[in-house]
Enquirer: 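Below: one structure in structure tokens.
Treat the numbers as computed from the prediction; the structure is a model and nothing was measured.
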Amino acid sequence: MSLRMPRQNRRELFVVFIVLLLIFETAAYIATTPRPTEQFFQLYVLGANHLAADYYPNGNSNIRLRDPVKWYLGAANAMGNVQLIAIRVKFGNQSINPPNTQQSLPSPAPVICEFTRFLGNNETWEIPVVWLITNASTVGGSTRILQVHVNNSTYTLQDLSARNGYNFRFIIELYSWDDQAGSFQFGWFTGTEHRTAWLQVWFNMTSTEPP
Amino acid sequence: MILSLSIISMILLTCLLSTSQLESQLQPGFNQALIQTRKAEASGATQIEVSQLLTLLNRALELNQQALQLMRPEDTGRRAQLLGQVNDLLANVQSQASQLEVTASQRAFLNKVTAYVSGCLVALIATVAYAYFRRFWREYQIKRTFQMRIVPK
């Protein structure tokens, strides 16, 4: 069966070819071009049972001396490329300022410890953290926390007290590496927009007597 | 009194981390290694290839942190050894990432050319198939017409 045909049919086939070419080349372009996605980080803290609950032993936020508390700190990278991140754990009370999200400023609370890691795109990183207060004193109605033990390290604190032991808090902040500046920045940039991620978990320590 | 105050302040300085100390703890090579890894990733390196670089980078980070915890004068040698290993790892990552960037970009280019050429070929084959289908359909219609019986009313 040969394909000899009149001029009109040839013209028609040429149009069909052009239309099919456009369709398939568009499909090839879509298949080979990565789609733009929203860029962000996730930061979370889970309780001892890997849930957004049970943050304190026996559900009691009044922590005693040397009571171990287990959490899971986690971060996920959805920035579209490899990122170097730092999760900074800070210790504060009610009067210390939290991070300022409007001006993208971190909290001035003292840093207890830092966890750093390179994360691939769409990778989630989870760190088990066990902390306990190893030294505290009560002075004139204020509870002063002097030492806190996080994982295998002990950290000494200075001038951190709360009236009657209420409203201490951990402030957890996410930093990402800025390769232009060669340093960590609080939060991250998507285009020109600066975003931040931080969490806080409150607790009390009304008694400094060992259990 | 002065001695006890100085001891306490030294303990506080070593235990309490400040922002400037944290940032200065990373070797300069980390920045270059990260930039090179991102370039390889942007050129089309697969997730498996990038994860191999990430393993090395995290190992370097771990060694760096171990080195910086060695603060005593007698640990100077061990600290220098660890930092040397860190620099070797970072140089390795940069070298691997550079090679990966070239390989990945060539592969991505080839994939693109293959995709566009395939699209063109498929369009051509579909057009030829359409032409044959049309001719077949016309011949079928002619045959069916001749098969019809003329019945006088």
Enquirer: Side chain, backbone, both or neither: which part of Leu61(B) has a heavy atom under 4.5 Å from chain A?
Expert: side chain

Enquirer: Checking Thr37(B) against chain A: side chain, backbone, both or neither under 4.5 Å from a heavy atom?
Expert: side chain

Enquirer: First locate atom CG of Asn204(A), then atom CZ of Arg169(A), and finally report the distance between them rounded to the nearest 0.5 Å.
Expert: 12.5 Å

Enquirer: Could you tell me which portion of Glu12(A) (side chain, backbone, both or neither) has an atom closer than 4.5 angstrom to a non-hydrogen atom of chain B?
Expert: side chain

Enquirer: Sort Ile23(A) into side chain, backbone, both or neither according to what part of it lies under 4.5 angstrom from a heavy atom of chain B.
Expert: neither

Enquirer: Are the side chain of Gln66(B) and the backbone of Leu82(B) linked by a donor-acceptor contact shorter than 3.5 Å?
Expert: no

Enquirer: Which of parallel (below 30°), tilted (30 to 60°) and perpendicular (above 60°) describes Phe168(A) and Phe91(A)?
Expert: tilted

Enquirer: Would a 4.5 Å heavy-atom cut-off, applied to side chains only, mark Phe30(B) and Trp177(A) as touching?
Expert: no

Enquirer: Can you say whether Phe14(A) sits under 4.5 Å from chain B via the side chain, the backbone, both, or neither, judging by heavy atoms?
Expert: neither

Enquirer: If we define contacts as heavy-atom pairs under 4.5 Å, which of Leu54(B), Ile35(B), Leu53(B) has the most with chain A?
Expert: Leu54(B)

Enquirer: Do Glu126(A) and Leu46(A) pass the side-chain contact (heavy atoms from CB on, under 4.5 Å) test, and can you show the C-alpha distance, the side-chain angles, and the key distance before you say yes or no?
Expert: CA-CA 10 Å; Glu126(A) 210 167 79; Leu46(A) 301 177; 4.2 Å; yes

Enquirer: What part of Gln47(B) gets within 4.5 angstrom of chain A, counting heavy atoms only: side chain, backbone, both, or neither?
Expert: side chain

Enquirer: May I have all residue pairs that pass salt bridge (Lys or Arg N to Asp or Glu O under 4.0 Å) and include part of residues 13-33 of chain A, sequence neighbours excluded?
Expert: none

Enquirer: Who among Asn81(A), Thr32(A), Leu119(A), Leu22(A) has the most heavy-atom pairs with chain B under 4.5 Å?
Expert: Asn81(A)

